[in-house]
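Reading through the structure tokens given below for one structure.
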Amino acid sequence: MNFPFYRPRRLRKTETIRNMVRETNLTPNDLILPLFVTFGKNVRKPISSMPGQFQLSVDNIVKEAKEVKALGIPAIILFGIPEHKDAEGSSAFDPKGPVQEAIKAIKNKVPSLAVITDVCMCEYTSHGHCGIIKGKDVDNDATLELLSNEALSHAEAGADIVAPSDMMDGRVAAIRDMLDENNFSHIPVMSYAAKYASAFYGPFREAAESTPQFGDRRSYQMDPGNTDEAMREVALDIEEGADIVMVKPALPYLDVIRRIKEEFGYPTAAYNVSGEYSMIKAAAEKGWLDGERAMMESLTSIKRAGADMILTYFAKEAAKVLQK
Ligand code: PBG
């Protein structure tokens with residue numbers, strides 16, 4: 001198979017042939033759109049660090065859900081911005097909270113759109129950490145009860161999948177137990193299993209108003225240098241009952257996605273996070289690169305690495321490109 005007999009360029013000559021031999025094909029069905037739901041009515045507040053993304057009130061999120069569904073995207077993941085925050089994040093399981101109300105409204109109007117909920121305390125705590133603070137750190141075991149209550153309240157409102165993102169030890173088992181005890185044994189857990197302490201979450205924290213008021217998240221999120229540890233995290237979460245495992249962020253961790261997919265063969269999700277989105281948006285705004293092509297190349301690379309699902313702020317834009 002040597003030159004001049006074999007010439008790889010033969011199969012790159014036309015768009016049609018390139019399409020025929022492409023190994024990785026992105027479809028709208030691969031995508032999940034994250035949405036930020038806030039209190040109030042008729043709110044559509046732009047998020048300045050994430051051009052094209054908004055905080056939406058429940059009425060507007062229903063409109064958004066209809067559009068998402070029409071584009072062939074199967075699911076959204078909801079993040080809440082509550083009216084009140086306190087040290088225990090008690091509004092996380094308020095049955096009338098923005099996320100709970102949004103779930104009910106969406107399941108009522110667009111029932112076939114899968115509604116995933118992010119289960120974490122950081123949007124609800126006054127200090128912005130992902131659990132209860134004891135001393136200077138998050139108290140793991142005390143936080144499990146809050147997370148379980150939050151997951152249950154999402155299931156009661158009608159969520160299709162719950163997705164814990166806090167990185168407390170034992171939270172998948174705690175949530176699984178709580179759901180099972182309350183007749184929600186059919187609700188899957190999508191675990192943010194390998195979630196790294198990343199600078200790429202910066203824009204999200206403006207969007208969700210969840211910046212830690214002191215310290216950082218390195219005592220619970222993973223160190224960027226580690227992959228063996230990611231395998232242990234995934235193994236634990238699967239043992240505890242996770243149905244889908246997630247890697248986050250996506251682009252700086254493609255090797256981790258690949259290794260998890262190969263070792264576990266589980267449904268694997270990857271989160272193309274806010275910083276990955278905003279970098280491309282900012283460079284495109286400046287005319288430094290072609291935003292649409294950079295978006296499609298990024299998403300294709302995440303799928304090529306082994307992700308079965310991609311959580312991405314680009315979901316609608318990418319689905320529109322794929323429809324052309
Ligand atoms: C909550 C949570 C975060 C993200 C998803 N869930 C932020 C964080 O851990 O600080 C980040 C998503 C993104 O950057 O797009 N814990």
Side-chain angles (χ1 to χ4, degrees), residues 31-37 47-55 76-82 85 89 91-92 98-99 116-125 127-133 138 140 143-144 146-147 150-151 154 161-169 171-172 175 189-224 233 244-253 269-282 295 298-299 302 307 309-315:
L31 308 173
I32 298 170
L33 178 69
L35 289 173
F36 300 97
V37 56
I47 300 162
S48 63
S49 57
M50 300 175 69
Q53 304 299 315
F54 301 85
Q55 290 183 352
I76 55 168
I77 179 163
L78 292 176
F79 295 90
I81 297 122
K85 301 192 184 206
S91 60
V99 167
I116 307 170
T117 57
D118 185 84
V119 175
C120 192
M121 301 312 294
C122 65
E123 297 120 74
Y124 304 95
T125 52
H127 44 71
H129 277 288
C130 301
I132 289 185
I133 297 291
V138 176
N140 191 91
T143 300
L144 298 182
L146 299 182
L147 294 167
E150 183 181 5
H154 293 168
I161 299 176
V162 294
S165 69
D166 51 284
M167 287 301 277
M168 296 303 121
D169 297 330
R171 94 276 206 203
V172 173
I175 290 170
V189 175
M190 171 192 268
S191 164
Y192 288 67
K195 177 175 178 181
Y196 289 86
S198 174
F200 291 96
Y201 306 150
F204 171 94
R205 293 184 185 164
E206 182 204 317
E209 299 172 13
S210 65
T211 306
Q213 299 303 300
F214 63 90
D216 55 39
R217 301 208 203 290
R218 281 182 284 189
S219 78
Y220 40 103
Q221 298 179 349
M222 282 181 52
D223 189 284
E233 280 283 7
I244 300 169
V245 291
M246 194 200 297
V247 178
K248 175 181 175 192
L251 292 176
Y253 300 93
Y271 202 138
N272 178 225
V273 301
S274 57
E276 299 173 58
Y277 172 83
S278 298
M279 278 195 301
I280 291 179
K281 285 288 174 196
M295 163 181 80
S298 298
L299 297 174
I302 297 166
M309 299 154 240
I310 306 171
L311 297 90
T312 179
Y313 304 95
F314 285 123

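Everything quoted here is computed from the prediction, not taken from an experiment. Just follow the structure's listing: the first ligand is 1, and inside any ligand the first atom is 1.
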- Give the C-alpha distance, both sets of side-chain angles, the deciding distance and a yes or no for side chain to side chain contact (heavy atoms under 4.5 Å, CB included) between R171 and V119. CA-CA 10 Å; R171 94 276 206 203; V119 175; over 6 Å; no
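A donor-acceptor pair under 3.5 Å is formed between the side chain of T143 and the backbone N or O of I132. With hydrogens and angles ignored, the 3.5 Å screen pairs a side-chain donor or acceptor of Y277 with a backbone N or O of P51. Checked by atom type and distance alone, the side chain of Q221 never pairs as donor or acceptor with a backbone atom of M167 at under 3.5 Å. Side chain of E123 to main chain of M121: no donor-acceptor pair is present (N/O by atom type, distance under 3.5 Å, no hydrogens or angles).
Remark: of the listed residues S278, S49, S274, S49 is the sole one forming a side chain to side chain contact (heavy atoms under 4.5 Å, CB included) with E206.
Every atom of ligand 1 is numbered from 1 in the order shown, and the set under 4.0 Å from a heavy atom of F79 is 5 (C), 6 (N). Set against the non-hydrogen atoms of K248, the atoms of ligand 1 under 4.0 Å away are 2 (C), 3 (C), 4 (C), 5 (C), 6 (N), 11 (C), 12 (C). Atoms of ligand 1 found under 4.0 Å from any heavy atom of C122 (numbered from 1 in listed order, with element): 1 (C), 16 (N). For ligand 1, the atoms lying closer than 4.0 Å to a non-hydrogen atom of C120 are 1 (C), 16 (N). Within ligand 1, the atoms closer than 4.0 Å to a non-hydrogen atom of Y271 are 12 (C), 15 (O), numbered from 1 in the order shown.
When only interatomic distances are considered, the shortest N/O to N/O separation between R205 and ligand 1 falls below 3.5 Å.
Across E276, K195, R217, Q53, heavy-atom proximity to atom 16 (N) of ligand 1 is greatest for K195.
Ring geometry, Y313 versus F36: the interplanar angle falls under 30°, so the pair is classed parallel (tilted spans 30 to 60°). Ring geometry for F214 versus H129: interplanar angle of 30 to 60°, hence tilted.
Residue contacts with ligand 1, taken as heavy atom pairs separated by less than 4.0 Å, do not involve Y277 at all. Contacts between D166 and ligand 1, counted as non-hydrogen atom pairs separated by less than 4.0 Å, are absent for every part of the residue. The parts of S274 lying near ligand 1 are both backbone and side chain, judged by heavy-atom distances below 4.0 Å. Of the heavy atoms in S165, both backbone and side-chain atoms come closer than 4.0 Å to ligand 1.
Protein heavy atom at the shortest distance from atom 15 (O) of ligand 1 is Y313 OH, 2.6 Å. Scanning all protein heavy atoms for the shortest distance to atom 12 (C) of ligand 1 gives F204 CD1, 3.3 Å.
Geometrically, K195 does not engage Y271 in a cation-pi contact defined by less than 6.0 Å to the ring centre and at most 45° from the axis.
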